[in-house]
There are 2 protein chains.
Amino acid sequence: MEPDRTALHQCDAAVSLAFSILGKRWNGMIIDTLGNGPLAFSALRRAVGGISDAVLSDRLSELAEAAIVAREVAPGPPVSVTYSLTDAGARLRPLLTQLGEWATQNLDSAPH
Amino acid sequence: MEPDRTALHQCDAAVSLAFSILGKRWNGMIIDTLGNGPLAFSALRRAVGGISDAVLSDRLSELAEAAIVAREVAPGPPVSVTYSLTDAGARLRPLLTQLGEWATQNLDSAPH
DNA sequence: CAAAGCCGCTCTGAAAAACAGAGCGATCCC
DNA sequence: GGGATCGCTCTGTTTTTCAGAGCGGCTTTG
């Protein structure tokens, strides 16, 4: 059977692609936090607030693979790991700022 | 015990608020799809693609409660339900477009 | 020197979310 | 009547997220 041609419109593939990353919990907040400057793993965990080690580790792997954040290991001792935004990640910053403005203007900050 | 004052930076509360909605699977795509015009429940399900009835129903309730989408029941028979963006939702459209552009320019469209 | 703490993770097991699919009353088409 | 569409809801399974413990390597404290 052919694909349904009766649908009047479809979700835009580009937006869908964007939300394959941003539509996961924490990713937006991680990127936003790193927008203020590079951070180590545990500093990032504290800055984001409420995320667990396991999930943060997982998200950072994904974001690194998508080339949105960079993982840099400063050889030690002591070895320290620093996460920062790549250029691609940095290009997201103004959009996140706009999203923040939209949220404060259009969303009730005290959700049910 | 006092809150930790040693953190150099924190995630912006406004961005965090935005992602309490957009950081959930499907929400971005639902809003984007409705941006092209109002749709009935089943047309929306087809347009978004891959979402189940139960989850769509759930997301629409949340988005309606957040006053991002409006649910309008046209009295029948046949009763038909139409979902559309509110003004707040519509104000998100240009941002979603920008996110789409960012994604096409900075993300590999063939994920892992 | 030993105990204690931070670092960046990984592992475990349990709770929450998303999923596919069936079902349902109503209405419409042949 | 038989079949399909509509807007859901319910059931049970899979996936995701979670808190918390653990770990090796290092530093700081006493």
Side-chain angles (χ1 to χ4, degrees), chain A residues 1-8 11 16 19-30 33-34 38-66 69-84 111-112, chain B residues 1 4-8 11 16 19-30 33-34 38-66 69-84 111-112:
Chain A
M1 220 170 285
E2 299 176 18
D4 188 358
R5 292 268 166 265
T6 66
L8 293 176
C11 177
S16 176
F19 279 102
S20 69
I21 299 275
L22 296 175
K24 298 186 80 165
R25 198 172 175 189
W26 303 116
N27 275 347
M29 287 158 68
I30 290 170
T33 304
L34 287 179
L39 283 179
F41 185 90
S42 50
L44 185 52
R45 190 206 320 114
R46 281 190 295 269
V48 170
I51 192 172
S52 73
D53 284 11
V55 175
L56 178 57
S57 180
D58 200 57
R59 289 293 113 95
L60 286 171
S61 301
E62 290 174 14
L63 292 173
E65 191 170 0
V69 311
R71 180 177 188 271
E72 192 186 347
V73 182
V79 274
S80 87
V81 183
T82 303
Y83 294 92
S84 56
H112 45 292
Chain B
M1 221 165 283
D4 186 359
R5 293 264 166 269
T6 66
L8 293 175
C11 177
S16 176
F19 279 101
S20 69
I21 299 275
L22 295 177
K24 298 186 79 166
R25 201 172 175 189
W26 302 115
N27 275 348
M29 287 159 67
I30 291 170
T33 303
L34 287 179
L39 282 179
F41 184 88
S42 50
L44 185 52
R45 190 206 319 115
R46 280 189 296 266
V48 170
I51 192 173
S52 72
D53 284 12
V55 176
L56 178 56
S57 179
D58 199 56
R59 287 295 112 92
L60 286 171
S61 300
E62 290 173 16
L63 292 173
E65 191 169 0
V69 311
R71 180 177 189 270
E72 192 187 344
V73 182
V79 273
S80 88
V81 184
T82 302
Y83 294 91
S84 55
H112 46 290

**OP:** Rounded to the nearest 0.5 Å, what's the gap from OG1 on B:Thr33 to CH2 on B:Trp26? Could you check?
**Re:** 10.0 Å
**OP:** Report the residue (A:Asp53 or A:Trp26) whose heavy-atom-nearest nucleotide on DNA chain D is the more 5′ of the two.
**Re:** A:Trp26
**OP:** For the side chain of A:Phe41, starting at C-beta, report the closest nucleotide among C:dG8, D:dA19, D:dC8.
**Re:** C:dG8
Original post:
Rounded to the nearest Å, what distance is computed from the CD1 atom of residue B:Ile51 to the P atom of nucleotide C:dA17?
Top reply: 15 Å
Subject >> Between C1' of D:dT15 and CZ of B:Arg25, the distance in whole Å >> reply: 10 Å
Subject >> Sugar-phosphate only, base, or nothing, as touched by B:Arg45 at under 4.0 Å among non-hydrogen atoms >> reply: nothing
Original post:
To the nearest Å, how far apart are A:Leu56 CG and D:dT17 C1'?
Top reply: 13 Å
**OP:** Please list, chain by chain and in numerical order, all residues satisfying side-chain hydrogen bond (donor to acceptor under 3.5 Å, both in side chains) with B:Arg71, sequence neighbours excluded.
**Re:** B:Tyr83
Original post:
Counting side-chain heavy atoms from CB outward, which of D:dG7, C:dT10, D:dC18 is closest to B:Arg71?
Top reply: D:dG7
**OP:** Whole angstrom is fine here: how far is it from NZ in A:Lys24 over to C1' in D:dT17?
**Re:** 11 Å
Original post:
Any side-chain N or O of A:Tyr83 under 4.0 Å from OP1/OP2 of C:dC7?
Top reply: no
Subject >> Interatomic spacing from CZ in B:Phe41 to CZ in B:Arg46 - rounded to 0.5 Å >> reply: 11.0 Å
**OP:** Output the single nucleotide from C:dA20, C:dC7, D:dC8 whose closest atom is nearest the side chain of A:Arg46.
**Re:** C:dC7
Original post:
Which nucleotide in the set C:dA18, C:dG8, C:dA20 lies at the smallest distance from any side-chain heavy atom of B:Arg59?
Top reply: C:dA18
Subject >> N or O in side chain of B:Ser57 less than 4.0 angstrom from D:dT9 OP1/OP2 >> reply: yes
**OP:** Provide, to the nearest angstrom, the distance between the CG atom belonging to B:Asp58 and the C1' atom belonging to D:dT9.
**Re:** 12 Å
**OP:** May I ask you to evaluate whether B:Ser42 reaches the phosphate of D:dT5, defined as a side-chain N or O under 4.0 Å from OP1 or OP2?
**Re:** no
**OP:** Using whole Å, report how far CG of A:Leu60 lies from P of D:dT17.
**Re:** 14 Å
Subject >> Reported CG-to-OG1 distance for the pair A:Leu34 and A:Thr82, which is rounded to 0.5 angstrom >> reply: 10.5 Å
Original post:
Which part of the nucleic acid does B:Ala40 contact within heavy-atom distance under 4.0 Å: base, sugar-phosphate only, or nothing?
Top reply: sugar-phosphate
Ignoring hydrogens and angles, write down the donor-acceptor pairs under 3.5 Å from the side chains of residues 51-60 of chain A, residues two or more places apart or on other chains.
unit_1	atom_1	unit_2	atom_2	d
A:Ser52	OG	A:Val55	N	3.3
A:Asp53	OD1	A:Arg45	NE	2.5
A:Arg59	NH1	A:Arg25	O	2.9

